[in-house]
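Report on one structure; see the data block that follows.
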Amino acid sequence: MIDRKTLARMPEQQRAPIFEALERFRQMRVVPFDVPGHKRGRGNPELRDFLGERCIGIDVNSMKPLDNLCHPVSVIREAEQLAAQAFGAANAFLMVGGTTSAVQSMILTACKRGDEIILPRNVHRSVINALVLCGAIPVYVNPEVDRRLGISLGMKREEVEKAIKQHPSAVAVLVNNPTYYGICSDLRAIVDMAHRHGMLCLADEAHGTHFYFGDDLPVSAMSAGADMASVSMHKSGGSLTQSSFLLAGPGVHAGYIRQIINLTQTTSASYLLMSSLDISRRNLALRGREVFRHVRELAIYARDEINEIGDYYAFGQELRDGNAVFDFDSTKLSVHTLDIGLAGIEVYDTLRDDYDIQIEFGDLGNILAYLSIGDRVQDIERLVSALSEIRRRYRRSPTGMLSQEYIAPEVVTSPQDAFYAADISIPLEESLGRVCSEFVMCYPPGIPILAPGERITQDILNYIRYAHEKGCQMTGPEDPEIKRINVLK
């Protein structure tokens, strides 16, 4: 791994090849007889006025001067090489289908139909979607749960080791680094265990971009020796929504990864997204250490101020136990709300509706305010003031409130077999004991409450009803009102 000070001094990291090529292209005044059909905005003036001429003028198609994402040989290839260098990876791939696409490409690279993959159950739905696509069999390691906070933690080392010994033919182990709440497992130890047994180690780093550029933060996947990692550059890295990186170590064949990516990723890649990745990588390589030091300081300040209010609990490093919470991402601002008698989703809605503050998400017991490179002290102070006022105005007894965020699943059949099996739609209240053939989740964070192939229990039904009543955004089923659910015949 390149030292960050050394990285910032590397002259090549000051380049942004895709951005530079687009700037040269703009100056050429090329007459377009190709797609997109808006022809630099002339055919859609409302869109041009909304986005601006500069933006819509670089919404262009692949051509020789601008390279091609499906088979990059020039400026896109250079941008990927610079990203690999910046992240300490052997190879990096620009992803324009979001980190969902990166996660799915990572798993499809590692797994084929019938292969076993060891993973925690509190994964994003994109992981289980990938299992539906490739037919791999999940071996779940149920994460530890913090009963007070109602959140799932990381995987214990001994639980991972037990799963590996019980399933020696598994091809990979997948780790969340970190979870949505900032919880990290012992990634280095898990990588070592996987490699000693001939397995790949994959990391979902949707919320860990800053690990590669910050001080006093948890270890990144590439530093820990993982084989592949999916990185949401658009979350904490500052690129445009839907742009991400897939990183790979030296033990995975880059050409095969590219073939897998091209199975599902668009052949009409957006140069807006790709240039945003290019520019944002340069920004983090040159200024990331300074930027994320500031973000971390903001989060620490916010936690202290929120905990001074009373009843709220903004949790942090004190959760660390050396195993299930091996480390904690100190840039995360997660706040437990049940002691003021409000579910996290209720605080989330109140902040938006009454105070014009949009936070990342609220679940049954917690909220997450996502801090990153664009936040300011005055924004933190406004959030703290609003939380204080919400406590004063709405505080009530927490008696009878449901807090559990994680329910261990009973897996009956593989996600692929259940998803494609003959099924029927029945009323939700009649589904107890049946096997689900679709997803049910609160989004965000997008961790399934139910996934295809899992049995519907009373605890699950109680959770769905309660979350729906509290106002959580429920997604997944064919029935948007979630009054009916698809189950195996």
Side-chain angles (χ1 to χ4, degrees), residues 99-143 152 154-179 185-187 189-206 208 221 224-231 246-249 251-253 256-257 259-261 263-264 406 408-420 439 446-448 450-454:
T99 311
T100 288
S101 181
V103 166
Q104 291 176 349
S105 296
M106 181 170 69
I107 293 175
L108 293 174
T109 298
C111 301
K112 299 184 293 295
R113 179 173 172 79
D115 287 341
E116 290 183 324
I117 177 172
I118 297 167
L119 66 160
R121 176 56 179 76
N122 60 320
V123 290
H124 188 264
R125 71 166 295 174
S126 59
V127 174
I128 302 177
N129 284 348
L131 304 185
V132 170
L133 292 174
C134 71
I137 310 299
V139 175
Y140 289 127
V141 175
N142 286 322
S152 50
M155 296 189 292
K156 282 188 171 180
R157 289 183 295 270
E158 56 267 31
E159 293 299 318
V160 176
E161 186 172 20
K162 178 181 175 182
I164 288 174
K165 288 180 178 178
Q166 291 178 344
H167 300 269
S169 61
V171 297
V173 180
L174 183 139
V175 186
N176 293 320
N177 193 50
T179 70
S185 302
D186 188 351
L187 186 55
I190 293 171
V191 168
D192 181 63
M193 281 186 270
H195 287 174
R196 279 190 285 108
H197 290 85
M199 302 175 188
L200 297 177
C201 186
L202 318 178
D204 182 349
E205 282 189 316
D227 297 285
M228 285 187 279
S230 52
V231 177
L246 176 58
L247 307 177
V252 189
H253 191 274
Y256 183 64
I257 296 174
Q259 287 185 320
I260 293 294
I261 291 171
L263 289 177
T264 57
Y406 178 76
E410 181 184 343
V411 180
V412 178
T413 187
S414 75
Q416 186 184 64
D417 287 345
F419 187 83
Y420 289 110
F439 291 93
I447 298 167
L450 271 172
E454 295 175 1

Original post:
Between atom CD of E158 and atom NZ of K165, what is the distance when rounded to the nearest 0.5 Å?
Top reply: 11.0 Å
Original post:
Is a donor on one side and an acceptor on the other found under 3.5 Å between the side chain of H253 and the backbone of Y256?
Top reply: yes
Original post:
Strictly by modelled atom types, are T179 and N176 linked by a side-chain donor-acceptor pair under 3.5 Å?
Top reply: no
Original post:
Can you list the steps and then say if V173 with L202 is a side-chain contact (heavy atoms from CB on, under 4.5 Å)?
Top reply: CA-CA 6 Å; V173 180; L202 318 178; over 6 Å; no
Original post:
Rounded to the nearest 0.5 Å, how far does CG of L119 lie from CG of L174?
Top reply: 6.0 Å
**OP:** Test side-chain contact (heavy atoms from CB on, under 4.5 Å) on Q259 and L263 and set out the steps.
**Re:** CA-CA 7 Å; Q259 287 185 320; L263 289 177; over 6 Å; no
Subject >> Under 3.5 Å: donor-acceptor pair, side chain of E454, backbone of A451 >> reply: yes
Subject >> Check ion pair E161-R157 (N to O, under 4.0 angstrom) >> reply: no
Original post:
Looking only at heavy atoms, which two atoms of L108 and A130 are closest? And how far apart?
Top reply: CD2-O, 4.1 Å
Original post:
Hey, what do you get for OG (S230) to CE (M106), rounding to the nearest 0.5 Å?
Top reply: 4.0 Å
Subject >> Chi angles and distances behind the side-chain contact (heavy atoms from CB on, under 4.5 Å) call for H195, D227 >> reply: CA-CA 9 Å; H195 287 174; D227 297 285; 2.8 Å; yes
Original post:
Do you know which two heavy atoms are closest between P409 and Y140, and how far apart they sit?
Top reply: CG-CD1, 4.3 Å
Subject >> Approximate separation, where rounding is to 0.5 Å, of M228 CE and I257 CD1 >> reply: 5.5 Å
Original post:
To the nearest 0.5 Å, how far apart are CD in E159 and CD1 in I190?
Top reply: 11.0 Å
Original post:
Roughly how far, to the nearest 0.5 Å, is the CE atom of M199 from the CD atom of E116?
Top reply: 8.5 Å
Subject >> Exercise: identify the closest heavy-atom pair between V191 and A224 >> reply: CG1-O, 3.5 Å
Original post:
A221 and N177: which non-hydrogen atoms are nearest, and at how many Å?
Top reply: N-ND2, 4.0 Å
Original post:
Does any N or O in the side chain of R121 come within less than 3.5 Å of the main-chain N or O of P448, such that one atom is a donor and the other an acceptor?
Top reply: yes
**OP:** Show your working on side-chain hydrogen bond (donor to acceptor under 3.5 Å, both in side chains) between N129 and H124 and close with a plain yes or no.
**Re:** CA-CA 9 Å; N129 284 348; H124 188 264; over 6 Å; no
Original post:
V171 and L200: side-chain contact (heavy atoms from CB on, under 4.5 Å), yes or no, with the steps?
Top reply: CA-CA 6 Å; V171 297; L200 297 177; over 6 Å; no
Subject >> T99 (side chain) donor-acceptor with A102 (main chain) under 3.5 angstrom >> reply: no
Subject >> Check: A136 main-chain N/O paired with Q416 side-chain donor or acceptor under 3.5 Å >> reply: no
Original post:
Any sub-3.5 Å donor-acceptor pair from D115's side-chain atoms to K112's backbone N or O?
Top reply: yes
